[in-house]
Structure formats: structure tokens, C-alpha cells
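In what follows, a single structure is set out as C-alpha cells and then discussed.
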Amino acid sequence: MTYRAPVSDYQFILDQIVDFSAVLESAAFEDIDAETVAAILEEAGKLASDVVAPLNRGSDLTPGNLVDGVVKTSPGFASAHGQIAEGGWIGMLAQPENGGMGLPLSVATAINEMMSGGCLSLSLQPLMTQGQIEALEHHASDAIKALYIPKLISGEWTGTMNLTESCAGSDVGALRTKAERNGDGTYAITGQKIFITWGDNDFSDNVCHLVLARLPDGVPGTKGISLFMVPKFLPDADGNPGVRNGVKVVSLEHKLGIHGSPTCVMEYEGATGWLVGAEHQGMKCMFTMMNNARLGVGVQGVGVAEAATQKALAYAQDRVQGRSPIGTENGAIIDHADVRRMLAHMRADTFTARAIALACGVALDLGRTDPEQQARGAFLIPIAKAFSTDIGHEVAQLGVQVHGGMGYIEETGAAQYARDARITSIYEGTNGIQAMDFVGRKLMDGGEAGFAILDEIESFAEAARATLPKRAIAVWNAAETLREGMEAMLALPMNDRFAGAVPFLRAFARVLGGHYHLKAAIAEGGEGPRSRLAAFYIKRMLPEHAALLAQVRLGAADIYALSPEDLSA
Ligand SMILES: Cc1cc2nc3c(=O)[nH]c(=O)nc-3n(C[C@H](O)[C@H](O)[C@H](O)COP(=O)(O)OP(=O)(O)OC[C@H]3O[C@@H](n4cnc5c(N)ncnc54)[C@H](O)[C@@H]3O)c2cc1C
């Protein structure tokens, strides 16, 4: 069973759940219509299913490898990357005047999900380049834009993001990489970056590193950091790759998963760099692209969850053990209540995470011109990143369980999904950091963006009472409990908020899930597969919000009451 991109589900969510039509009606996207979007999703779905997905297993078995200082990539990656570039998918978010497709973020989010579901390791390469293009569009000089963006979009050159150092992970401000003015407008970059995704490859003519470093007069912390473009080969007078720059891959990390994605230790020794944005404004530049990057990682979780669900479902329909408890002739394990429960859980949460991500994409698309939607998008980002990636590995773990012993055996590929998904909760800001952002910065408006979402959930549930009274009342009640939980959260000092941040974020996602499942059921007229899935979610999964919210009120005292000595007892 190989992955098939769930194009009809994206279409359903866009049409029925997240009001994508408002994006098409907005001034920013007046050149794109619904038929074009449908055709784009179909086309991307074929690429993800037929070209990208077949490489997934092989890339796990034959990881990228460092040979004479160059990363030799997994079999088939060069050709597939070429096809991704040819289709224009690397530049799908780039502005049309720069040669991009200028697609709405909501559509790109669906496409990024399907590429991740096909092969997470390969999909990371175009995603990194996508992020770099966005940073350059917003902050680079015209000369840098003109030279780099077309080559990045065409896939001739590829991009990376270099933030992390051994002393600077979550705390980016602790970085030690130095930048010195060369006196000719360029800078000399010296230092070591670790964990750099796709830090090198054997299929692009140049690898362009966006590097955070500190100038001699940069103050300590995040405020003293600047952003630089540091290419592997210095462009010559004609803009072609010229002499080698002072940057190299020192080694590749050996990882739990995403074996096909080369994770590099990069050494910069007086490498020539060009400033992107103003001096000391590097973090501000990174923040511009943070929302898209986090949403891009969020749907990596959803993509893997989808792929794991498809695989587990196929296995459960084929594997026979014992007699069917519901009397199906030759009943397979899917007839056992516990197996059916696991599969329903997988499908229900994959839908929830997908709907949250697409709702977030729509809000950010509308937010280009509407500040309220901008605030909503920003509010949803930590949920879209953290919940979706947590769901990615939870669903993948259930996928292993559905397979039984064969799930633990690598050849089925179920274990690969569980290994691959694990990183998504860690990079691009760990999920703990996302949750702190959620209860800290994202509640600085006094909860306005969050309460507005709860108002909408409640008024939709009220209207849905006529068709699905029990489900609608359960969702309304859950939204009300969440409202009380949010009020309690807002009354707490910051470190007490942080102690309950992860459960609070998940509770919010659970209630959003109730809302989106209810909407799906109503769109179907209250009967059918989506309505049955909604009933499962609302009865069995939504109630989790209450237990999660109970933790919010506890603050931090009982956690700190446990000393390190207590924990080692
Ligand atoms: C496979 C892989 C690919 C990566 N790709 C890239 C890349 O392309 N470019 C790049 O720059 N980086 C990349 N990273 C780095 C990644 O973003 C970091 O690993 C991540 O940000 C966490 O930093 P850390 O590993 O130093 O963990 P730490 O910051 O040491 O965190 C350890 C734990 O402490 C918690 N913690 C830390 N600070 C706080 C705090 N203030 N409050 C509460 N809890 C806290 C964290 O949530 C975590 O649970 C990659 C990492 C991996 C493993």
C-alpha cells in the first residue's frame, strides 16, 4: 500500500469547513479561481502520490551520505526534486513578479502536507527553499533578490536555514557565530552551526545558506543578531556559481528518523556573506517567515498521520486473527472493536489537525488585508504547529500498534512513520516553546482572538442544535468550559501559565476539533461517514478537554514541589 494524497479531503475542508471562498474573493487573490485551485491540488496530489511517495522507504534504507565533502542524496531524490521544481512547486508561495505562483498559503499548506505524507525527508528540501525565498522577498536587497530568487524557484540552487548552534537551540540569542565587516559591503562569517537540514546535496548547482550571526557591535541576546546570505559557491560576475566559499559540511547526524534528509554540521571559516535586512535585525527578519515555517512543519505531522492511517487501514483489512466478533465471513482484525477504535482515532485526529492547519492558512491569507484575521492566524499558529505534530507521532504510534508485531518490523514501513514524525514536535520551536508562546504572547490581547473563536464555535453549535442536538450541545458545552479555562489562564502569573501551557494548547485543539467535526457532519446533512466520524470524536475524544483544563488551574507550585532529588528517588 503506497500513500495516496487525500485531495478530496482538502477540497471538502476548504469548501465546507474553513470558508476558503473568502480567500478567493479577497483582493490579494483575485486572479485565482476555485477551478484553478482544484486543478492545482489534483496535480500536486499526483506528484506526491506517484513520484514522491515511492521514494520514502528507499530513503530510509539508503540515507544521505557524506562523500568527499559532498552529500550524496538518497536514490531517486535528484530526479524527484527536479520534477518538484519543474512543476513550480518550490515557488508556489513566491510572488508572481519574482517568478512564483503566488498561491494562497492555505493551498500551499495542503500541498506541503501531501509532499510530507509522500516522503517527509525529501519534502524538507523544497520547504527550506520556500522559507528562504520568503525571507529574501521581504528583506533582501534588490540585487540579492534578482540573483537568488529565480534560481531558488527553478531548483537550480537550494536554500537552508542556519540558526542552531551547540550552545544555542531554543535560546537562539545565545549564538556565537561571528560576522565581521569586510569593508566592501560583504561580511566574513565564522562559526559552527549544527542540525542544518539539507545543508548540502548533489543535485543543485549551489546551496544558499541563510545564517544568523553577530557583528562585533551586536548586543548580547536576540537583539544583536544579523542575517546573512552565505552561498556554497560565490556567484561570479555573470551570477553563475564561481569559486568555493569558506563553508563546508563537517559531518552528518545519525538520527532516529528522516534518514533521507541530510542533517549537517556546518563550519563557516571567514565565509563571505551578504547582509539580508538591516544590521542587528536578523531575528526580526526570521520572525517574518516564522508563521509560514511553523505551519509548514505542522502539516508535516498531518502528512505523516495521513500516510500512517492509510497504511494501517490497509493492513487491518487484510490481516486475519481469530473469529470476527461481528460475524463477518473471513473477518480481518478491523472487525475487532479495539482495532476499529484505533483506526477511528487515527482518522478523526488526522482530520482535526488538517482542519486546524487549513483554518490557520485561511486566516493568514485573509490577514494580509484584515488585522482581525491576522490576529486569528497568529493565535492559531502554535496550535497548528504543536497539536498537528503531536498528532503526527501519536497517530503513527497507533499505526504501529494496529500492525502488531509487524509494526515493529521495519519492512512494513509503519515504524518509519513513527520514527520520522518524532522530530516534528522538536524542530521549528519545540512544542513546549509553542505552548508557552500560545499562553504568553498570543494571550497578550487579553484573549480577544481566542474568545472570538469561541463565540463562533458556540453560535455554530447553537444553529446546529436543530439537526444534531446531542453533538451540538456537547460542542457548545466544551467551548464554554474552554472559555472558563481561558479566563482562569489569563488570571495566572506567567510561570503558572507556562506550567499549564501544553495541556491548555491541547484542550483548545480538542475543542476546535469538536467544532470542525460538527461542521463536517452538518455539511453532510447529519448522516454519512463524516457524521459517524464526528459522533466518534465528539463522544470519545472531545471529553479529553475537561481533564486537560483541570491542569491549567493548578499553576506551577505542585510541579516545583517535586525537587530534582524527589525525581531521582
Ligand atoms: C533533525 C533536525 C533538523 C533540524 N533542522 C534545523 C535547521 O535546518 N536549522 C536550524 O537552525 N536548526 C535545526 N534544528 C534544530 C532545532 O530547531 C532545535 O533542535 C530545537 O530548536 C531545539 O533546540 P535544542 O535541540 O537545543 O533543545 P533545547 O533548547 O536544549 O531544549 C531541550 C528541552 O528544554 C526545553 N526548553 C528549552 N528552553 C526552554 C524554556 N525557555 N522554557 C521551557 N522549556 C524550555 C525544550 O522545549 C526541550 O524540551 C534541527 C534539529 C534536528 C534534530
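Bear in mind the structure is a predicted one, so any value in this text is a computation, not a measurement. All ligand and atom numbering here is 1-based and tracks the order in the structure. Worth knowing before you read on, the calculation uses all heavy atoms, side chains too, and leaves out hydrogens, waters and symmetry mates.
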Pair [X] + [Y], salt bridge at N-O below 4.0 Å:
{"X": "R181", "Y": "E279", "result": "yes"}
{"X": "D205", "Y": "K151", "result": "no"}
{"X": "R354", "Y": "E306", "result": "yes"}
{"X": "E410", "Y": "R419", "result": "yes"}

| task | Give me the ring orientation class for F379 and F438: parallel if the planes are under 30° apart, tilted from 30 to 60°, perpendicular past 60°. | result | tilted
Which of the atoms in ligand 1, numbered in the order shown and given with their element, are less than 4.0 Å from a heavy-atom of [X]?
{"X": "I426", "answer": "20 (C)"}
{"X": "K255", "answer": "1 (C)"}
{"X": "E428", "answer": "17 (O)"}
{"X": "M436", "answer": "42 (N), 43 (C)"}
{"X": "T430", "answer": "22 (C), 46 (C), 47 (O)"}
{"X": "L163", "answer": "10 (C), 11 (O)"}

query = Looking only at heavy atoms, what is the nearest atom pair of V172 and I225, with distance?
reply =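 Minimum heavy-atom contact is O-CD1, 3.9 Å.
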In terms of heavy-atom contacts, K442 and P382 come closest through NZ-CD, 3.7 Å
Could you check [atom] against the protein and tell me its nearest heavy-atom contact, residue, atom and distance included?
{"atom": "atom 53 (C) of ligand 1", "result": "I423 CD1, 3.3 Å"}
{"atom": "atom 3 (C) of ligand 1", "result": "T197 OG1, 3.3 Å"}
{"atom": "atom 39 (C) of ligand 1", "result": "I433 CD1, 3.7 Å"}
{"atom": "atom 24 (P) of ligand 1", "result": "G169 CA, 3.9 Å"}
{"atom": "atom 15 (C) of ligand 1", "result": "T164 OG1, 3.2 Å"}
{"atom": "atom 4 (C) of ligand 1", "result": "F195 O, 3.0 Å"}

| said: Check contact between K193 and ligand 1, using heavy atoms of the residue and a distance below 4.0 angstrom. | reply: no
Q. Strictly under 4.0 Å, does any heavy atom of M128 approach an atom of ligand 1?
A. yes
Answer yes or no: does an N/O atom from [X] fall short of 3.5 Å to an N/O atom of ligand 1?
{"X": "S170", "result": "yes"}
{"X": "M161", "result": "yes"}
{"X": "I258", "result": "no"}

Please check if any side-chain donor atom of [X] sits under 3.5 Å from a side-chain acceptor atom of [Y], or the reverse.
{"X": "K385", "Y": "N431", "result": "yes"}
{"X": "N201", "Y": "S204", "result": "yes"}
{"X": "E134", "Y": "Q130", "result": "no"}
{"X": "T177", "Y": "E165", "result": "yes"}

May I ask whether atom 35 (C) of ligand 1 is less than 4.0 Å from at least one protein heavy atom?
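No, there is none.
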Discussion item. Quiz question for you: does at least one protein heavy atom lie closer than 4.0 Å to atom 49 (O) of ligand 1?
Written reply: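 Looking at atom 49 (O) of ligand 1, one finds that no protein heavy atom lies closer than 4.0 Å.
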In short, side-chain hydrogen bond (donor to acceptor under 3.5 Å, both in side chains) pairs touching residues 492-510 with sequence neighbours left out are D349-R510, E394-R506, N495-Y560, R506-E544, R510-Y537, R510-E544
